[in-house]
Amino acid sequence: MGVAASGKTTIGRLLAQRLDVPFVEGDDFHPAANIAKMTAGQALDDADREPWLRSLTRWIRDTSCAHQGGVISCSALKREYRDVLRAAGQGVWFLYLALDEETAHTRIAQRTGHFMTARLLDSQFDALEPLQADEPGLTVDATAGTDAIISPVQAAVARFEAGEPG
């Protein structure tokens with residue numbers, strides 16, 4: 001989870017590969033109307049995110065019922081969104097890729113071919129509620145290199161799956 005350009009897709013794909021589970025890109029679950037709105041530079045509101053959350057929870061439920069793990073890269077900016085996702089299946093755990101606004105703007109300016117623009121990034125920071133201590137998951141510095149992120153994350157996931165604290 002995290003704002004645009006925090007590395008969710010890169011880290012998510014790598015983590016899924018290391019855990020040998022499916023990976024899905026949360027952006028692919030947005031209805032066409034949401035993509036059109038964001039492409040036009042308009043921020044999504046809670047009502048816009050409702051069908052997206054329903055689609056994500058359906059995937060989590062199906063994956064959980066099949067007793068198969070998985071990794072989803074998605075913003076999950078608000079606690080209430082994460083609560084909905086957590087309620088959808090067993091063992092939902094969040095990795096928050098924390099990123100400062102300046103770095104996020106620099107990264108997003110270098111992106112091509114994505115609907116998320118620098119203009120929309122500010123709305124994501126406005127909506128962002130960082131992962132709280134009582135939520136299962138881990139917060140990491142998204143400016144660290146991929147290797148510096150993925151090894152501790154993989155270890156934290158293993159501890160979570162084993163039922164160990166922290």
Side-chain angles (χ1 to χ4, degrees), residues 1-19 21-30 34 38 43-46 48-50 52-61 63-64 69-108 114 116 118 120-166:
M1 65 161 280
V3 297
S6 61
K8 296 181 301 289
T9 300
T10 300
I11 296 299
R13 279 191 178 126
L14 183 56
L15 182 60
Q17 181 182 26
R18 295 246 181 122
L19 297 174
V21 296
F23 169 79
V24 293
E25 170 58 61
D27 287 341
D28 294 343
F29 289 74
H30 277 294
N34 283 8
M38 289 184 284
L44 299 180
D45 59 25
D46 288 345
D48 295 322
R49 288 187 180 98
E50 172 62 30
W52 174 72
L53 280 170
R54 274 195 316 263
S55 294
L56 290 175
T57 58
R58 192 174 311 113
W59 189 85
I60 291 169
R61 220 177 283 115
T63 302
S64 183
V71 174
I72 298 175
S73 65
C74 68
S75 55
L77 297 173
K78 293 184 179 182
R79 168 76 184 245
E80 67 185 273
Y81 305 159
R82 295 189 300 273
D83 289 345
V84 168
L85 296 173
R86 225 181 341 271
Q90 295 287 328
V92 176
W93 185 91
F94 290 91
L95 170 62
Y96 170 38
L97 295 167
L99 189 64
D100 64 274
E101 291 186 50
E102 183 179 338
T103 303
H105 277 283
T106 299
R107 286 182 179 182
I108 213 162
H114 195 278
M116 181 57 75
L120 292 176
L121 190 56
D122 292 333
S123 70
Q124 286 199 323
F125 276 102
D126 290 344
L128 178 64
E129 296 172 2
L131 193 65
Q132 300 299 302
D134 65 328
E135 295 182 86
L138 178 68
T139 298
V140 298
D141 177 1
T143 63
T146 303
D147 290 335
I149 293 172
I150 202 69
S151 293
V153 169
Q154 193 172 356
V157 169
R159 286 191 305 274
F160 177 73
E161 289 176 335
E164 296 175 20

If you look only at distance, which donor and acceptor atoms sit under 3.5 Å apart when one is on a side chain in residues 6-14 and the other is two or more places apart or in another chain?
from	atom 1	to	atom 2	distance (Å)
Ser6	OG	Val3	O	2.8
Lys8	NZ	Gly2	O	3.2
Lys8	NZ	Val3	O	2.9
Thr9	OG1	Glu25	OE1	2.4

Fill in the blank from the handout: Contacts of Thr143 meeting side chain to side chain donor-acceptor pair (under 3.5 Å) (sequence neighbours excluded), chain-then-number -> Asp141
Fill in the blank from the handout: Residue set satisfying side chain to side chain donor-acceptor pair (under 3.5 Å) with Tyr81, at least two apart, ordered chain then number -> Asp46, Arg49
Exercise for the section: Could you tell me whether the side chains of His105 and Asp122 share a donor-acceptor contact shorter than 3.5 Å? Expected result: yes
Between atom [atom1] of [X] and atom [atom2] of [Y], what is the distance when rounded to the nearest 0.5 Å?
X	Y	atom1	atom2	value
Phe29	Thr57	CZ	OG1	10.0 Å
Asp27	Trp52	CG	CH2	8.0 Å
His30	Cys74	NE2	SG	8.5 Å
Arg58	Arg54	CZ	CZ	7.0 Å
Leu56	Leu85	CG	CG	6.0 Å

If you look at every heavy atom in [X] and [Y], which pair is closest and at what distance?
X	Y	value
Gly91	Phe160	O-CE2, 3.4 Å
Ala16	Pro22	CB-O, 4.0 Å
Trp93	Ala156	CZ2-CB, 3.8 Å
Ile108	Ala4	CD1-CB, 3.8 Å

Once side chain to side chain contact (heavy atoms under 4.5 Å, CB included) is applied, do any residues pair with [X], and if so which ones, sequence neighbours excluded?
X	answer
Ala158	none
Val140	Leu95, Leu97, Leu138, Ile149, Val153
Ala87	none
Ala43	Leu120, Ser123

Completion exercise
residues 89-106 vs salt bridge (charged side-chain N to carboxylate O under 4.0 Å, His left out), sequence neighbours excluded, gives none
Handout entry: Gln90, CD: over 12 other non-hydrogen atoms inside 6.0 angstrom
Key = no
Problem - Where at least one partner belongs to residues 128-138, residue pairs that pass side-chain hydrogen bond (donor to acceptor under 3.5 Å, both in side chains), sequence neighbours excluded - result: Arg79-Asp134, Arg82-Glu135, Arg86-Glu135
